[in-house]
Amino acid sequence: MRSSNFLLSTLKETPADAEIVSHQLMLRAGMISKLAAGIYTWMPLGLRVLRKVEKIVREEMDAAGAQEVLMPATQPAELWEESGRWGKFGPLLLSFTDRHDRSFCFGPTHEEVITDMVRRNVRSYRQLPASFYQIQTKFRDETRPRFGVMRAREFLMKDAYSFHLDDESLAATYERMRQAYCAIFDRTGLTYRMVEADSGAIGGAASHEFHVLADSGEDAIAYSDASDYAANVEKATTQLVTAEPAVATEAMQRVATPGQHSVEEVAKFLKLPLQQVLKTLLVKGTDTPVVAILLRADHELNEVKVEKLEQVASPFEFANDAEIKAAAGCGAGSIGPLGLDVPIVADHAALAMANFACGANSDGEHLSGVNWSRDLPLVNGQDVRNVVAGDPSPDGEGILSIVRGIEVGHIFQLGDTYSRAMNATCLDENGKDRVLTMGCYGIGVSRVVAAAIEQHWDDRGILWPQALAPFDVAIVPINLQRSEQVREVAEKLYAELTAAGLDVLFDDRKERPGVMFADMDLIGIPQRLVIGERGLAEGNVEYKLRSADQSEDIALAEAVAKVTEQLSK
RNA sequence: CGGGGCGUGGCGCAGUCUGGUAGCGCACUUGACUGGGGGUCAAGUGGUCAGAGGUUCAAAUCCUCUCGUCCCGACCA
């Protein structure tokens, strides 16, 4: 590709509304162009990268035995009413009506459509198991799209669905997909981690997420330094404390804590470490207005875990000030478990505390020297907190660390949630109708592009991993317009590299060298050949890796070999 | 959906408080010089100041409403 015939729409300055580095660089490099909030055009440069991701995904999906399909982006409401999700998906669904006043939505996902396709076309167990995938544009009307294509409303996704007669078959395909996902992310060249995930509202048995590790990631991942254990913090557990609490050595007393509300303030005021303070949170309950959750003050409530408790209302919601006042008779800063007449849930770690401080259910007062059994009845321990760095790994091997990750893939064993609701059945060996069981497997293709940049950039621009780069190599001629020799050599190299099957960007614009260098660095092409009269006099061209600090002079005759060799690494 | 910010040429911004000829840098066009890390000089192109309504002799500026957009939170296979 000649740059004179390729839209290089680079910017020197960072657009003001781009917050994270991938968004900034995608705009500056001219990869994407915003049309509306969360809706972007992929310009020629960006599309090249998107296609590289697609290619890897497609090849590995095919290798895993999945069949490619292309489903409609427009889906009839009836299908969603059948699965019960028309109302449930709510405002996330972009819906509209046609001229006959029939309701449709722009598909945010395709369980309904694929299940419908399968129930119409798959009739015998002999056709199972079967997996189908597509790479297609989805639309989710997020209330707050942000970070460019990282969390866009319209985005490109690979979604795959598998159908089975029984759970064993599902588990086998799930495992095969898991391996395919590892192969895909290995090939992208990104640093990633597979983690156990919460399967969310969608339910189902097993679920794993694939995260590209980056500080800007929206998810927190806990992993063991000594074993394979890794889980989304939403789900991560630690070894539960089962030891008896330490011996009560202090007498309980009521202390005045005027104006001290947060646990940090109370701990500081009472000159106690945070670990000696008990935090009492009131949340909405199922059968009672509120439920009290007890945590060690340095721990954080895990809403996903709490919501699964019977006593706790789903969806999870904190009690409001009026409800707190009604239940505890004080403000949120002074709640404590003693004398509190609501169901109490205590985190394991909270039960291990001794001689601790907590609220006295009276504004401006706390209790200190409190102990379980002696001062308040022991309750059953629950796991309701987020793990923190330093917690022991739940498998007993090593301790947990926490890193940030960008969720780029998610695989589920769905079970029969959709197939049952939509009556997707198949005849088994005995000629009996059986409800199918399903798996689903997603990859945020456009998000992978942004995630790659989050992980690979420097102050000059993007540093594409080889497998995702829009071009393999850039040819930068110095004085192309004036030097016949430079032109000849550059053209020849361009022809040879192209003939070798490489994606070559030949910068034949009438630009100064500095401009070309800056642009090539910004758009992140991994290899660069500079052709100038100065080097040619010695029979050399200049070779530089985008990731390297220094360039090197190499013989012109070796240039093609040098570039292709690097590519095969 | 709650709270906050911002809408002035393609991008980044000043001007708004205190109403009076719409500006700066970058980009873009042309020419000259230049020619290995976003060069210099000169001459240019491009804006109904988000939109509507109002106040006023006069509105980018003051008032009202609407829209867009970004951030925080909530939400989110």
Side-chain angles (χ1 to χ4, degrees), chain A residues 7-20 23-24 27-28 30 33-39 83 85 88-93 107-112 138 140-148 150-153 155 157 159-161 197-204 207-209 218-219 232 234 303-304 315-318 320 407 409-415 417-418 438-444 459-461 476-483 486 507 509-522 528-536 540-542 544 551 553:
Chain A
L7 182 62
L8 283 180
S9 176
T10 56
L11 296 172
K12 266 190 212 180
E13 286 174 291
T14 303
D17 52 9
E19 192 71 8
I20 62 171
H23 189 195
Q24 293 172 350
L27 290 171
R28 283 191 54 209
S33 181
K34 188 173 83 171
L35 182 63
I39 302 179
S83 70
R85 289 209 292 184
K88 197 176 159 195
F89 234 82
L92 215 58
L93 265 186
T109 175
H110 282 71
E111 280 85 4
E112 283 82 359
K138 302 269 192 270
R140 295 182 189 175
D141 200 0
E142 302 268 358
T143 44
R144 187 148 90 85
R146 56 188 131 169
F147 305 149
M150 185 75 84
R151 182 176 281 267
R153 292 195 291 173
F155 59 100
M157 184 172 181
D159 47 326
Y161 308 88
D198 183 82
S199 43
I202 199 162
S207 175
H208 287 89
E209 290 172 354
E218 291 188 86
D219 288 293
N232 194 309
E234 285 179 352
E303 299 181 13
V304 175
F316 171 89
E317 204 179 335
F318 278 111
N320 60 38
E407 183 186 346
H410 201 159
I411 58 179
F412 295 88
Q413 291 185 24
L414 277 184
T417 314
Y418 297 94
M438 290 173 65
C440 80
Y441 318 89
I443 289 181
D459 57 355
R460 296 201 308 268
V476 179
I478 307 297
N479 249 329
L480 181 71
Q481 322 298 328
R482 293 233 191 107
S483 168
V486 166
D507 200 347
R509 293 175 299 173
K510 195 177 171 182
E511 284 290 354
R512 299 172 60 84
V515 173
M516 293 192 280
F517 292 150
D519 275 348
M520 295 305 112
D521 285 346
L522 175 60
R528 186 183 79 189
L529 288 168
V530 178
I531 320 297
E533 282 188 320
R534 219 164 62 187
L536 289 179
N540 290 336
V541 295
E542 179 192 298
K544 185 176 173 298
S551 63
D553 288 332

Worksheet item: Any side-chain heavy atom of Met150(A) within less than 4.5 Å of one from Glu19(A)?
Response: no
Worksheet item: Per the atom types in the model, does the base of G38(B) pair as donor or acceptor with the side chain of Glu511(A) at under 3.5 Å?
Response: no
Worksheet item: Considering Watson-Crick and G-U wobble pairs with both distances under 3.5 Å, what does G73(B) pair with?
Response: C1(B)
Worksheet item: What's the closest nucleotide to the Glu19(A) side chain, out of C71(B), G37(B), C76(B)?
Response: C71(B)
Fill in: 4.5 Å side-chain heavy-atom contact, Met438(A) and Phe412(A)
no
Worksheet entry | Sugar-phosphate only, base, or nothing, as touched by Phe318(A) at under 4.0 Å among non-hydrogen atoms | nothing
Worksheet item: Considering Watson-Crick and G-U wobble pairs with both distances under 3.5 Å, what does C13(B) pair with?
Response: G23(B)
Discussion item. Less than 6.0 angstrom from the centroid, inside 45 degrees of the normal: does Arg528(A) satisfy that with respect to the ring of Phe517(A)?
Written reply: yes
Worksheet item: Hey, does Met520(A) reach any base, or is it just sugar-phosphate, or nothing, if we go heavy atoms under 4.0 Å?
Response: nothing
Worksheet entry | Gap between atom CE of Met520(A) and atom CZ of Arg460(A) - 0.5 Å precision | 13.0 Å
Practice prompt. Specify the separation, in whole Å, of atom CD of Glu142(A) and atom C1' of C1(B).
Written response: 14 Å
Discussion item. Could you tell me how far apart Asp519(A) (CG) and C26(B) (P) are, to the nearest whole angstrom?
Written reply: 17 Å
Worksheet item: So does Arg512(A) get a side-chain nitrogen or oxygen closer than 4.0 Å to the phosphate oxygens (OP1/OP2) of G38(B)?
Response: no
Practice prompt. Could you tell me whether the side chain of Arg509(A) reaches within less than 4.5 Å of the side chain of Asp519(A), counting heavy atoms only?
Written response: yes
Fill in: Per Arg146(A) side chain, nearest of listed nucleotides C71(B), C70(B), G12(B)
C71(B)
Worksheet item: Do the side chain of Gln24(A) and the main chain of Ala18(A) share a donor and acceptor less than 3.5 angstrom apart?
Response: yes
Worksheet item: Taking the same atom, P, in G68(B) and in U30(B), what whole-Å distance lies between them?
Response: 39 Å
Discussion item. Please report the distance separating the C1' of C63(B) from the corresponding atom of G2(B), rounded so that it comes out in whole Å.
Written reply: 26 Å
Item to complete: Could you give the distance separating G3(B) and A60(B) at their P atoms, to the nearest angstrom?
Response: 31 Å
Practice prompt. Give Gly442(A) one of three labels, base, sugar-phosphate or nothing, depending on what nucleic acid heavy atoms sit under 4.0 Å from its own.
Written response: nothing
Practice prompt. Decide yes or no, distance alone: a donor-acceptor N/O pair under 3.5 angstrom between the base of C76(B) and the side-chain of Arg144(A).
Written response: no
Item to complete: Quote, to the nearest angstrom, the C1' distance that separates C17(B) from C62(B).
Response: 11 Å
Discussion item. Between Cys440(A) and Glu111(A), is there a side-chain heavy-atom distance shorter than 4.5 Å?
Written reply: yes
Worksheet entry | Rounded interatomic separation in angstrom, taking CG from Leu93(A) and P from C76(B) | 14 Å
Discussion item. For G44(B), give the paired nucleotide (Watson-Crick: N1-N3 plus N6-O4 or O6-N4; G-U: N1-O2 and O6-N3; both under 3.5 Å), or none.
Written reply: C28(B)
Discussion item. I'd like to know if the side chain of Arg153(A) reaches the main chain of Glu142(A), judged simply by a donor and an acceptor atom lying under 3.5 Å from each other, with no hydrogens or angles considered.
Written reply: no
Fill in: Separation of C26(B) P from Leu522(A) CG (nearest whole Å)
19 Å
Worksheet entry | Closest-nucleotide ordering on RNA chain B, the 5'-leading residue of Val515(A) and Tyr441(A) | Val515(A)
Worksheet entry | Interatomic distance where CZ belongs to Arg509(A) and C1' belongs to C28(B) [whole Å] | 14 Å
Discussion item. Between P on G39(B) and CD1 on Ile478(A), what's the gap in Å once rounded to a whole number?
Written reply: 14 Å
Item to complete: Hunt down the Watson-Crick or G-U wobble partner of A50(B), both distances under 3.5 Å, from any strand shown, or write none.
Response: U66(B)
Worksheet entry | Who pairs with G38(B) - Watson-Crick or G-U, where each distance is under 3.5 Å | none
Worksheet item: With sugar-phosphate meaning primed atoms plus P, OP1 and OP2, does Ser9(A) contact a base, only sugar-phosphate, or nothing at under 4.0 Å between heavy atoms?
Response: nothing
Discussion item. Quick check on C70(B): is either OP1 or OP2 less than 4.0 Å from any side-chain nitrogen or oxygen of Lys34(A)?
Written reply: yes
Worksheet item: With rounding to whole Å, what would you report as the distance between G51(B) and C11(B) at their P atoms?
Response: 15 Å
Worksheet item: U61(B) and A52(B): how far apart are their P atoms, nearest whole angstrom?
Response: 12 Å
Worksheet item: Considering only the C1' atoms, how many Å lie between G10(B) and U18(B), rounded to the nearest integer?
Response: 33 Å
Fill in: d(CE, Met157(A); P, C76(B)) in whole Å
17 Å
Worksheet item: Separation of Asp17(A) atom CG from C11(B) atom P, in whole Å?
Response: 9 Å
Worksheet item: Start at the 5' end of RNA chain B and walk down; is the nucleotide closest to Arg528(A) or to His110(A) reached first?
Response: Arg528(A)
Worksheet item: Which of these nucleotides, C11(B), G37(B), C76(B), is closest to any side-chain atom of Leu11(A)?
Response: C11(B)
Discussion item. At 4.0 Å (heavy atoms only), tell me whether Arg28(A) reaches a base, stays on the sugar-phosphate, or touches nothing.
Written reply: base
Worksheet entry | Inter-nucleotide P distance (G20(B), G15(B)), Å rounded | 13 Å
Worksheet item: Which part of the nucleic acid, if any, lies within reach of Ala36(A) when heavy atoms closer than 4.0 Å are counted: base, sugar-phosphate only, or nothing?
Response: sugar-phosphate
Practice prompt. Quick one: label Val530(A) by what it contacts on the DNA or RNA (base, sugar-phosphate, nothing), any heavy atom closer than 4.0 Å.
Written response: base
